[in-house]
Amino acid sequence: MSLDRSIAPAFGKIETIDLMEPKLFHLDNGLPVFVIDSGDQEVLKVELVFPTGTAASEKKLVAAATAELLTEGTSQHTAEEIANALDFYGAYFNSHVSHDESSLELYTLNKHLKNTIATMAEVYSQPTFPEHELETFILKGQQDMLVNEQKVSYLAAKAFNATLFGKEHPYGRSAEQADYEALSRNDLTAFHQSRMLAQVAHIIVAGKLTDETISVLNEAFGQEKRVPNERASVDVNSPLERKVHVEKSDAVQNAIRIGRILFDRTHRDFVGMQILCTVLGGYFGSRLMANIREDKGYTYGIGAGLVSLKHTGYLSISTEVGSQVCKPALDEIHLEIGKLRKELIPTDELELVRNYMLGTILKSVDGPFSLASKWKTYLKHGMGTNDHYQLLHQIRTITPERLRDLANQYLQQEDLIQVTSGKPF
Amino acid sequence: MGKIDFERFELKNGLKVIVHHDPSTPLACLNIMYDVGSRDENPERTGFAHLFEHLMFGGSANIPSYDGPLQLAGGQNNAFTSTDITNYYITLPAQNLETAFWLESDRMLNLAFTEKSLEVQRNVVIEEFRQRYLNQPYGDAWLLMRPLAFKTHPYNWATIGKEEKHIADASMQDVKAFFNTHYLPKNAVMVVAGNVTTNEVRQLAEKWFGPIVKGEKPLRALPKEPEQTEARRLEVQRPVPLDAIYISFHMCGKEDADYQTWDLLSDILSHGDSSRLKQRLVKKDRIFTSVNAFVMGERDPSLFTIAGHISQDRTVDEAEKAIWQMIEELRSELVSELELEKVKNQVEASHEFSEMNLLNRAIGLAYHELLGDANGVNLETEKYQNVTREDIRRVASESLIASNSNTLVYHKQP
């Protein structure tokens, strides 16, 4: 009885992937709390989500500075006292600021929830944004920026956003040194008052719930009156330039970004384009990886993906390649995109991508924290369980013909923007 | 706190297998850790363990493509190499577990190297070298610090290798010899975790790994690093925007009784915003824009490092003095009960958060089994709890001294 190792063992397809729905509670003031009660570890993540991000402020850096400095002093405690209060219980805050959303997360052991949530409530409702903390933020931010400006990936990413949306557009702009100097305490106080205190969207809680979790939250966040959230709309114009190179002549690798504006996650073609992007550059065996890394050895890695913002979205192909092979790498990328327009994706390859994507979705809904981030995205876009099942359905049934049509509709070479940074080539 | 349950058995060829049953997930992880890292390399052929990790994805004796069949079964995989170990992992739907056994056993059985895949992976690794170490500000710090701090022990070089040339020169013969020496059942630990049963794992392990020839576990006789007796220093000029300083001290290895004390020492200095370096040197005195203390977590005696980027308007001299002042306090004064309790609480919480992740649990079990007993993963937190204030002061005063220091300074170009 010898084992024939050349024959793959039978494997099953992923038939269904259940998406656990959060339980919805309302605090006394009406604030919605979405609860994902799961997991074995005695831990909890509490996330306050605000419907405003960097796009909501006229002045650059205000949203980021406000979120960052929330924890740097309140009317009752100094930054050091706050840090101590949290560190002592092994808990920590994370603040996130994206274009359309900000949030403050607390990671804590259940047994310390009462203490840590009290600190969270305090930094949320009574921050003072001390002058000297703002000054530290500014000095550190400016100097970190100098370090980042030595990285071709940073230079390319910045130029890519500016080229896609425009340098002054809420989605296209990036901070410059001078923007740090222009920040004032008043900006932060005003942003906090109008955008964070008044407009918290919801709370997402994930982990192992105890009997008292909701009442603790209610005491911390359920008392002050809140107005329902409203999100500013953002208009998008067509890019003015197609090709941009940011020179950094001492680079040994050039960074490449190729892409275009598309649409947000709720668009009917989003899932189709997501599948197409996966074929192109969304996994280890993708066409770009197979060609540019595994066949040519030009790069350590290359990827393609869709980025969904609240009001639009874009395609981004990104890599860093040896400076001497920048030109051939660009040619190969365009060649692979061209193939998607001209040829049908073979059924074997598409089958593999379908199964791979289902496998990643299975993983993305496993565990309370993964579920929480999945629901954060869904809530941001007003999506729900139906969209999840629709996604699974489309992954299983989309045809090679449909994918070729999408490539022709959305991936014409003249519509793609190309940004590079590094040596001239 | 949560204990990770597991069962253990060994195949006749010496492969150790650990099973961790977690019915709450639809997934399974298969993790194989080989007892080989860059410390096992020939000093004239460095970067090899890591280059080899890349080649492991180039197809095996009976399976031309490693990734394709795994992706078809809904799985994902990756690997990493350190100075001590090389670790490969797969996550996939638990129902397709056998696919993982099939793939991993075939590449332990025999690889199918081609000249082409060797040539391509040499290039890929050279690009990785450039992307991560050469094309980043301060990216070459460990390429400089390791040879400064280690004169005889192979921690003298970083996992990526000493230089591009070593990678470029790797020959087919080298690759085959490396495989035959290190990729043996007796030199590996396999952990299968998730929605799996021990029976099922035993059956699959016997079927797929059982027939692999036993081989001999390679002997390891690494040169010991002699005690350092004089302060060492290296100053370099680079196109960096801020000056930077790294000070590394020799410390004990991972299995030493003092390891947890060293780790807590680094936490006292820089874990969280309330830590000493953050509060004093970044926020209060603004000498650094960022500064950290950390241990490498290596098995053999290794390094404890304090490293930071110096504010534009401050000097290297001021920064260096400030670090030594912080060290002096640790050497002369006991930390408070409260501060020690804080860092112990941080360790406990980090452990809980990390163990939410199935793969982290699998890797933890594999690593501890490699050290001798998988259950070590469940005893870690307690070891930290036993550290005393006196331990902290003792270790600091014995070892955080000038004659044990290796200082690397980056000067920005004028």
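To find a chain, count down the sequence lines: A is the first, B the second, and so on, and within it residues start at 1.
Proximity to chain B is absent for every atom of A:I17, based on heavy atoms less than 4.5 angstrom apart. Heavy atoms closer than 4.5 Å to chain A are found in the side chain of B:H54, but not in its backbone. Of the two parts of A:N84, the backbone and the side chain both hold a non-hydrogen atom closer than 4.5 Å to a non-hydrogen atom of chain B. Heavy atoms closer than 4.5 Å to chain A are found nowhere in B:F101, neither backbone nor side chain. Heavy-atom distances place the side chain of B:T91, and not its backbone, under 4.5 Å from chain A. Looking at A:Y89, the atoms closer than 4.5 Å to chain B (heavy atoms on both sides) all sit in the backbone: N, CA, C or O. With a threshold of 4.5 angstrom between heavy atoms, B:S350 does not approach chain A through any atom at all. Only the backbone of B:I310 comes within contact range of chain A, with at least one heavy atom under 4.5 Å from a heavy atom of that chain. Using a 4.5 Å cut-off between heavy atoms, A:E81 does not touch chain B at all. Both the backbone and the side chain of A:E135 come within contact range of chain B, judged by heavy atoms closer than 4.5 Å. With a 4.5 Å cut-off on non-hydrogen atoms, B:Q279 touches chain A through its side chain but not through its backbone. Residue contact with chain B, scored on non-hydrogen atoms closer than 4.5 Å, is absent for A:L358. Neither the backbone nor the side chain of B:K284 comes within contact range of chain A; no heavy atom of the residue lies under 4.5 Å from a heavy atom of that chain. Both the backbone and the side chain of A:Y107 come within less than 4.5 Å of a heavy atom of chain B. For A:V152, the part sitting under 4.5 Å from any heavy atom of chain B is the side chain, from C-beta outward, and nothing else. Proximity to chain B is limited to the backbone of A:K13, based on heavy atoms less than 4.5 angstrom apart. Residue B:Q121 touches chain A through its side chain alone, counting heavy-atom pairs closer than 4.5 Å. With a threshold of 4.5 angstrom between heavy atoms, A:D144 approaches chain B through side-chain atoms but not through N, CA, C or O. For A:T360, the parts lying near chain B are the backbone and the side chain together; criterion is any non-hydrogen pair under 4.5 Å.
The two residues A:Y300 and B:R132 make their nearest non-hydrogen contact at OH-NH1, 3.2 Å. Scanning all heavy atoms of the two residues, the minimum distance from A:D366 to B:P26 falls at OD1-CD, 3.5 Å. Closest non-hydrogen pair, A:G90 versus B:F353, comes out as O-CE1, 4.3 Å. Summarising the geometry of A:V321 relative to B:E127, their closest heavy-atom pair is C-OE1, 3.9 Å, with the distance given to 0.1 Å. Smallest separation of non-hydrogen atoms from A:E294 and B:V120: O-CG1, 3.1 Å. Here the closest heavy-atom approach between residue A:G297 and residue B:N123 is recorded as O-CB, 3.3 Å.
Between atom CD of residue B:E355 and atom CD of residue A:Q41 there is a gap of 6.5 Å, rounded to the nearest 0.5 Å. Going from atom CG of B:N357 over to atom OG of A:S370 covers 8.0 Å, rounded to the nearest 0.5 Å. Note that CZ of B:R286 and OG1 of A:T136 are 3.5 Å apart. Values are rounded to the nearest 0.5 Å.
More than 12 non-hydrogen atoms from other residues, nucleotides or ligands lie less than 6.0 angstrom from NZ of A:K296.
Heavy-atom pairs under 4.5 Å with chain A peak, among B:N135, B:L338, B:N62, B:D106, at B:N135.
Looking only at side-chain heavy atoms (C-beta outward), A:V147 and B:Y138 come within less than 4.5 Å of each other. When side chains are defined from C-beta on, B:K116 counts as touching A:D295, because their heavy atoms get closer than 4.5 Å. Between B:P239 and A:D250 the shortest side-chain heavy-atom distance falls below 4.5 Å. Contact annotation: the side chain of A:I7 never approaches that of B:W102 to less than 4.5 Å [non-hydrogen atoms, C-beta and beyond]. Put simply, the side chain of A:F284 reaches to within 4.5 Å of the side chain of B:Q71, judged on heavy atoms.
Here the rule is side chain to side chain contact (heavy atoms under 4.5 Å, CB included) with A:K363, and of B:L92, B:L27, B:L358 only B:L27 fits it.
With A:K140 contributing its side chain and B:T289 its backbone, the two residues share a donor-acceptor pair below 3.5 Å. In terms of modelled atom types and a separation under 3.5 Å, the side chain of B:E98 and the main chain of A:F11 share no donor-acceptor contact.
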Margin query: Determine whether A:R5 and B:S105 satisfy the following criterion, side-chain hydrogen bond (donor to acceptor under 3.5 Å, both in side chains), listing intermediate values before the conclusion.
Written below: CA-CA 9 Å; A:R5 291 179 180 269; B:S105 63; 3.0 Å; yes
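The residues A:E80 and B:K283 are annotated as not salt-bridged, no charged nitrogen and carboxylate oxygen being separated by less than 4.0 angstrom. Comment: B:E348 engages A:K111 in a salt bridge, judged by a side-chain N to carboxylate O separation of less than 4.0 angstrom.
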